[in-house]
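Data first, discussion second: the structure below is written as structure tokens.
Residue indices begin at 1 and follow the sequence shown.
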Amino acid sequence: MKYLYRVYQLIIVLPLALIATIITALTVAIGCSLGGGHFWGYYPGRWWSKVIIRMLLLPVKVEGRQHLEQGQSYVFVANHQGAFDIFLIYGYLGRNFKWMMKQSLRKIPLVGWACEKSHQIFVNKHGASKIKKTYDDARLILQQGYSVTVFPEGSRTFTGHMGEFRKGAFALADELQLPVVPLTINGSFNVMPRMRDGHFVCWHPLSLTIHQPVYPVGQGPDNIQATMSQAYDAVMSSIAPEYQGFVENPDQ
């Protein structure tokens, strides 16, 4: 069955996924250039993510959408298990948001262009002025009523276990007095861990748990630390038993 699934990926999924990616990137870039970025910057990517997951026959379970209020901006923070975190959150979170993503993703042909046109937030750590611009961009997005999604570990896990959270997203939420929503991802590491980038996908169920928002109880360093700790504990509480516990990632 494993080899039949691989043949299916190679002959059917790969060419269709490439076509879908090209069409989606062009649609997003052109649509946002012509106006209506609120729609074109989110919905084509959401549909693309669902198409990819459904073509790969991966079952998805989502819990906790009832915790989110309409019209409220959030800072979403998630554990970073693997490449399929992107498809799972984009396709199934059900909220219009912008990504905070690595600067290197800007170099991906067509996809980087589409991300730039749709005003995704590129995290540039090369110098204080560029770091400041990253947070200025994120602040502007949140002030416009969007939400943002961040992987506060900074990189994908090598083990399936969660590493440390960095405080940047929590400091941003503290400054704007916005709630932080922890997200727990399960299954993405089993589908394609970072050590197997570019290899065949392994069939495994995916799940996304949306926890209750963590609202600010003050402002300043104490609130940042308390929010970060509460979000970390919430994410950890729903991780699959085999990946429970802190393991330091070597590239954090």
Side-chain angles (χ1 to χ4, degrees), residues 24-25 27-29 31-32 36-53 60 62-81 83-103 105-106 111-112 114-123 134-154 156 165-166 168-185 188 206-216 227-228 231 234-235:
T24 301
T27 300
V28 169
C32 290
H38 186 80
F39 178 88
W40 297 109
Y42 170 67
Y43 287 98
R46 180 186 182 188
W47 300 329
W48 167 74
S49 298
K50 285 190 172 185
V51 164
I52 299 296
I53 285 181
V60 173
V62 181
E63 295 181 317
R65 282 205 189 103
Q66 71 276 10
H67 296 145
L68 304 180
E69 298 179 16
Q70 290 295 327
Q72 172 66 56
S73 293
Y74 294 106
V75 176
F76 294 101
V77 295
N79 59 315
H80 206 357
Q81 279 206 339
F84 275 75
D85 300 346
I86 306 297
F87 301 112
L88 183 60
I89 294 176
Y90 221 163
Y92 294 90
L93 179 59
R95 297 291 292 214
N96 196 328
F97 67 89
K98 302 295 183 185
W99 292 101
M100 290 188 72
M101 57 177 61
K102 289 184 177 180
Q103 178 74 12
L105 297 176
R106 199 177 219 143
V111 173
C115 290
E116 186 173 349
K117 287 295 185 181
S118 58
H119 300 291
Q120 308 303 325
I121 304 158
F122 292 100
V123 179
T134 295
Y135 286 96
D136 287 344
D137 291 344
R139 186 183 301 109
L140 180 60
I141 289 295
L142 287 164
Q143 288 172 338
Q144 290 175 347
Y146 288 95
S147 296
V148 298
T149 298
V150 186
F151 295 113
E153 293 167 272
R156 289 175 289 165
F165 278 4
R166 298 175 180 178
F170 303 95
L172 187 64
D174 174 75
E175 179 186 340
L176 299 177
Q177 289 291 280
L178 291 173
V180 170
V181 178
L183 306 173
T184 301
I185 292 168
S188 180
L206 295 166
S207 72
L208 176 66
T209 303
I210 304 166
H211 297 277
Q212 292 187 6
V214 181
Y215 287 89
T227 303
M228 185 165 62
V235 175

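Judged purely by atom type and a 3.5 angstrom limit, His80 has no side-chain atom pairing as donor or acceptor with the backbone of Asp85. For the pair Ser73 (side chain) and Ser147 (backbone), a donor-acceptor distance under 3.5 Å is absent. No donor-acceptor pair under 3.5 Å is formed between the side chain of Asp137 and the backbone N or O of Phe122. Side-chain atoms of Tyr42 do not come within 3.5 Å of backbone N or O of Ser118 as any donor-acceptor pair. With hydrogens and angles disregarded, a donor-acceptor distance shorter than 3.5 Å links the side chain of Arg95 to the backbone of Gln72.
For Lys50, the NZ atom counts as densely surrounded, since its 6.0 Å shell holds more than 12 non-hydrogen atoms of other residues, nucleotides or ligands.
Put simply, CD1 on Ile141 and CD on Gln144 are 5.0 Å apart, with the number rounded to the nearest 0.5 Å. To the nearest 0.5 Å, atom CE of residue Met228 and atom CZ of residue Phe170 are 6.5 Å apart. For the atom pair Gln212 CD and Leu68 CG, the distance stands at 10.5 Å (nearest 0.5 Å). Taking OG1 of Thr27 as the reference point, atom OH of Tyr43 lies at 16.0 Å (rounded to 0.5 Å). Rounded to the nearest 0.5 Å, atoms NZ (Lys98) and NE2 (His119) are 7.0 Å apart. Note that the CD atom of Gln120 and the CZ atom of Phe97 stand 7.5 Å from one another [nearest 0.5 Å].
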Review point. What do the steps show when you test Asn96 against Tyr146 for side-chain contact (heavy atoms from CB on, under 4.5 Å), and what is the final call?
Key: CA-CA 7 Å; Asn96 196 328; Tyr146 288 95; 3.8 Å; yes
Exercise for review: Applying side-chain contact (heavy atoms from CB on, under 4.5 Å), run through Ile185 and Leu88 and close with a yes or a no.
Suggested key: CA-CA 8 Å; Ile185 292 168; Leu88 183 60; 3.9 Å; yes
Practice item. Please step through side-chain contact (heavy atoms from CB on, under 4.5 Å) for the pair Ile53 and Tyr92, ending with a clear verdict. Key: CA-CA 10 Å; Ile53 285 181; Tyr92 294 90; 3.7 Å; yes
**Study point:** Val60 and Leu208: CA distance, side-chain angles, deciding distance, side-chain contact (heavy atoms from CB on, under 4.5 Å) verdict
**Key:** CA-CA 8 Å; Val60 173; Leu208 176 66; 5.8 Å; no
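Asp174 has its side chain out of reach of Thr227: every pair of non-hydrogen atoms, C-beta onward, lies at least 4.5 Å apart. Between Val62 and Ile210, some side-chain heavy-atom pair lies under the 4.5 Å cut-off. Side-chain contact between Val28 and Lys117 is absent, with no heavy-atom pair separated by less than 4.5 Å. Contact of the Val150 side chain with the Ile121 side chain is not registered, since no non-hydrogen atoms from C-beta on lie closer than 4.5 Å. Within the 4.5 Å cutoff, the side chain of Phe76 has no heavy atoms near those of the Ile89 side chain.
Residues Arg65 and Leu93 share a closest heavy-atom pair of NE-O, 3.7 Å. Of all heavy-atom pairs between Phe151 and Ala78, the closest is CD2-O, 3.5 Å. In terms of heavy atoms, Ala29 sits closest to Ala114 at CB-CA, 4.2 Å. Across all non-hydrogen atoms, the minimal contact from Ala173 to Val180 is CB-CG2, 3.6 Å. Nearest heavy-atom pair, Pro213 versus Tyr74, reported as atom, atom and distance to 0.1 Å: CG-CE2, 3.9 Å. When all heavy atoms are compared, the tightest approach of Leu176 to Gln143 is CD2-NE2, 3.8 Å.
Ring-centre distance between Tyr90 and Trp99: below the 6.0 Å cut-off.
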